[in-house]
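Reading through the structure tokens given below for one structure.
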Amino acid sequence: MLIGAGGNAGNQAAVKVIREIALEKTQPKWQFVLILQECGGAIGICVFVGLAGCLRVFLSPESSLKETGVITTALVLILFISIFLGSVLPFVMLFMGVDPAHGATSVQVLMDIVGVLVLCLVA
């Protein structure tokens with residue numbers, strides 16, 4: 001659940017940014033603003049999904065308070081990192097001369113690796 005949530009959230013952020021790039025709605029001076037908007041949305045998503053995940057784990061009969069904290073913290077960190085990377089990666093690819101559309105699939109693979117590392121570091 002944790003790793004999949006990160007890939008999905010990052011992919012959605014990347015698709016939104018890629019659409020903005022494709023429609024030529026982003027000029028270099030507005031790229032930072034778009035990234036900040038995505039980070040603002042990420043905070044809202046992290047709060048909502050973090051509370052839902054916390055409640056889900058807390059209500060599980062076999063889970064302890066420590067496990068609830070670890071899973072909730074990892075979930076929030078994974079979501080925020082994935083949305084941030086999803087909004088930045090297409091711009092980085094565009095800057096490097098690579099098709100920014102590759103950012104959507106790249107963020108999913110990247111978040112599979114980062115998600116496992118975050119979970120291991122938090123635990």
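These figures come from a predicted structure and were not determined experimentally.
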Q) Would you say the side chain of Cys39 lies within less than 4.5 Å of the side chain of Phe84, judging by non-hydrogen atoms? A) yes
Q) Tell me, do Leu85 and Met111 make a side-chain contact under 4.5 Å, heavy atoms counted? A) yes
**Q.** Atom pair CD1 (Ile83) and CG (Asn8), whose distance is rounded to the nearest 0.5 Å
**A.** 11.0 Å
Q) From Phe58 CZ over to Thr72 OG1, what is the distance, rounded to the nearest 0.5 angstrom? A) 10.5 Å
**Q.** Side chains of Arg19 and Leu23 in contact at under 4.5 Å (non-hydrogen atoms)
**A.** yes
Q) With a 4.5 Å limit on heavy-atom distance, are the side chains of Val122 and Val118 in contact? A) yes
Q) Going hydrophobic residue to hydrophobic residue with side-chain gaps under 4.5 angstrom, can you get from Leu89 over to Leu77? A) yes
Q | Same apolar cluster: Leu75 and Ile45, side chain cutoff 4.5 Å | A | yes
Q.
Evaluate Leu55 against Leu59 for side-chain contact (heavy atoms from CB on, under 4.5 Å), listing each step before the verdict.
A. CA-CA 6 Å; Leu55 186 62; Leu59 294 177; 3.9 Å; yes
Q. How many angstroms lie between atom CD1 of Ile3 and atom CD1 of Ile113, to the nearest 0.5 angstrom?
A. 11.0 Å
Q: Determine whether Val114 and Ile81 make a side-chain contact, defined as any pair of heavy atoms from C-beta on separated by less than 4.5 Å.
A: yes
Q) Which atom pair, heavy atoms only, marks the closest approach of Glu67 to Ser64? A) OE1-N, 2.9 Å
**Q.** Closest non-hydrogen atom pair between Ala14 and Ala104, with its separation
**A.** CB-CA, 3.8 Å
**Q.** Shared hydrophobic cluster for Val57 and Val76 (ILVMFWY, side-chain gaps under 4.5 Å)
**A.** no
Q: Kindly give the heavy-atom pair with the smallest separation between Ile18 and Ala101, and that separation in Å.
A: CD1-CA, 3.7 Å
**Q.** Ile78 versus Gly6, closest heavy-atom pair with distance
**A.** CG2-CA, 3.6 Å
Q. Mind checking whether Leu2 and Val70 sit in one hydrophobic cluster, side chains of I, L, V, M, F, W, Y counted as touching below 4.5 Å?
A. yes
Q: To the nearest 0.5 Å, tell me how far Glu38 CD sits from Gln12 CD.
A: 10.0 Å
Q | Step-by-step side-chain contact (heavy atoms from CB on, under 4.5 Å) determination, Ile21 to Phe91 | A | CA-CA 8 Å; Ile21 292 171; Phe91 289 125; 3.8 Å; yes
Q. Would Ser106 and Met93 satisfy side-chain contact (heavy atoms from CB on, under 4.5 Å), going step by step from the backbone distance to the final call?
A. CA-CA 10 Å; Ser106 299; Met93 290 184 156; 3.4 Å; yes
**Q.** ILVMFWY cluster, Ile35 and Val92 together (side-chain gap under 4.5 Å)
**A.** yes
Q. Given side chains that start at C-beta, do those of Lys16 and Ser87 come closer than 4.5 Å, heavy atoms only?
A. no
**Q.** Full working for side-chain contact (heavy atoms from CB on, under 4.5 Å) between Leu36 and Phe32
**A.** CA-CA 6 Å; Leu36 284 179; Phe32 184 70; 3.3 Å; yes
Q: Can you measure from CD (Glu20) to CG (Leu34) and round to the nearest 0.5 angstrom?
A: 5.5 Å
Q | Which atom of Ala9 lies closest to which atom of Leu79, heavy atoms considered | A | CB-CD2, 3.7 Å
(Q) Just verifying a value: how many Å separate Lys66 NZ and Ile71 CD1, rounded to the nearest 0.5 Å? (A) 12.0 Å
